[in-house]
Amino acid sequence: MSSSDASKQLQAALDNANLYIHKSRTQLKSYRFDGQEDLPSGEDALSDPAVVASDVAAQTSFLRHLKFQYLEQKAKDKYVKTIMSDDAPLITASSNEELRLRNEEKKGALKEAKAMLAERQDDVQTLAPLVEEDYQKARSMTNLATTLSAQILDARLALTRLRQAHPHPRLTIASATSTLDSQVEEMQKMEDELQGLNGRISETKEGLKTEMAEDRAVEKH
């Protein structure tokens, strides 16, 4: 078997192989992170900074592992294609040196990116408590607004019931004051009449006493 046929067979085997990278997308969608069962779902999960931070950390760890697997498979595939190819490139010391310099340049850029990422993470750790505090305040204000809205609705319903129970004409402040004044005047008149009756009763009692005394005096004589 020639090297060309062997290369074609190897290429066909690689194309038909169930490589890890092809399953990664499905695994990412169906992957259950550690402690995910204990976390809330839906809008509550998206509105809680602690839950979001935990979820991001878990997904970051998974994606790092996925990246390593991808790079490993890619390197294996490239290596096999290189050694099995009829026109494999010649690897010399100069090419190795050039590759080393490119790697050093990439490492430097990666180091700077990591430093910037570490700085961003420090900023996030500094701002996270402030965001959590603002979130709790906003949540408390939202709950208060909900409670006040419910109370306002209850008050409107109660007012509607009162209006239905007491249709027009309703008692106003002016009419209530006028009615009160009339009642006060009427009570004053009744008080005056009562005092007059008490006075006449007293006079009648005195007149009866006098007449009874005179009758007794007559009977004695």
Side-chain angles (χ1 to χ4, degrees), residues 3-4 6-143:
S3 59
S4 176
S7 176
K8 292 179 179 179
Q9 291 181 0
L10 180 60
Q11 182 64 44
L14 289 175
D15 293 337
N16 297 327
N18 188 14
L19 298 179
Y20 182 84
I21 191 63
H22 295 296
K23 301 183 296 182
S24 299
R25 182 176 182 181
T26 304
Q27 290 180 358
L28 177 61
K29 292 182 178 180
S30 61
Y31 186 79
R32 303 295 295 177
F33 298 103
D34 295 336
Q36 190 177 25
E37 293 80 3
D38 301 331
L39 298 177
S41 59
E43 296 182 357
D44 293 337
L46 297 177
S47 61
D48 192 340
V51 175
V52 173
S54 177
D55 186 61
V56 169
Q59 292 192 25
T60 301
S61 176
F62 177 78
L63 290 175
R64 285 175 180 172
H65 179 70
L66 179 63
K67 180 181 179 181
F68 175 78
Q69 293 288 339
Y70 169 74
L71 293 176
E72 184 181 24
Q73 293 292 338
K74 183 178 180 181
K76 289 180 181 180
D77 181 64
K78 184 177 181 181
Y79 175 74
V80 171
K81 289 181 178 180
T82 300
I83 64 175
M84 298 299 297
S85 176
D86 293 335
D87 54 348
L90 182 63
I91 301 176
T92 61
S94 60
S95 61
N96 286 336
E97 180 64 18
E98 183 180 356
L99 181 62
R100 186 187 67 81
L101 292 176
R102 286 202 301 267
N103 288 336
E104 290 294 334
E105 183 180 356
K106 291 180 179 179
K107 287 181 180 180
L110 179 61
K111 186 176 181 180
E112 293 180 0
K114 287 184 176 180
M116 294 178 61
L117 179 61
E119 184 179 356
R120 294 290 180 86
Q121 290 178 345
D122 292 338
D123 293 339
V124 169
Q125 291 178 356
T126 302
L127 296 175
L130 300 177
V131 174
E132 177 67 17
E133 183 180 357
D134 292 341
Y135 167 75
Q136 294 298 336
K137 289 181 179 179
R139 189 173 184 178
S140 299
M141 294 179 67
T142 301
N143 294 334

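Atom set for the values below is all heavy atoms of this structure, side chains included, hydrogens, waters and symmetry mates excluded. Start at 1 with the first residue, then count along the sequence.
Separation of atoms OG (Ser61) and CG (Leu63) is listed at 9.0 Å; rounding is to 0.5 Å. The distance from the CG atom of Leu110 to the CG atom of Asn103 is 11.5 Å, given to the nearest 0.5 Å. Taking CG from Leu101 and CD from Glu105, the interatomic distance works out to 9.0 Å, rounded to the nearest 0.5 Å. Atom CD of Glu112 is separated from atom CE of Met116 by 8.5 Å, given to the nearest 0.5 angstrom. Lys67 NZ to Phe62 CZ: the interatomic distance, rounded to the nearest 0.5 Å, is 15.0 Å. Interatomic distance, CG of Asp123 versus CD of Gln121, reported as 10.0 Å (0.5 Å rounding).
Applying the 6.0 Å contact sphere to CD of Glu104 captures more than 12 heavy atoms from other residues, nucleotides or ligands.
Under 4.0 Å is where a charged nitrogen must lie from a carboxylate oxygen, and between Arg100 and Glu97 at least one such pair does.
One side chain, Glu132 or Gln136, offers a donor N or O that lies under 3.5 Å from an acceptor on the other.
Using a 4.5 Å heavy-atom threshold, the side chains of Tyr135 and Arg139 count as touching.
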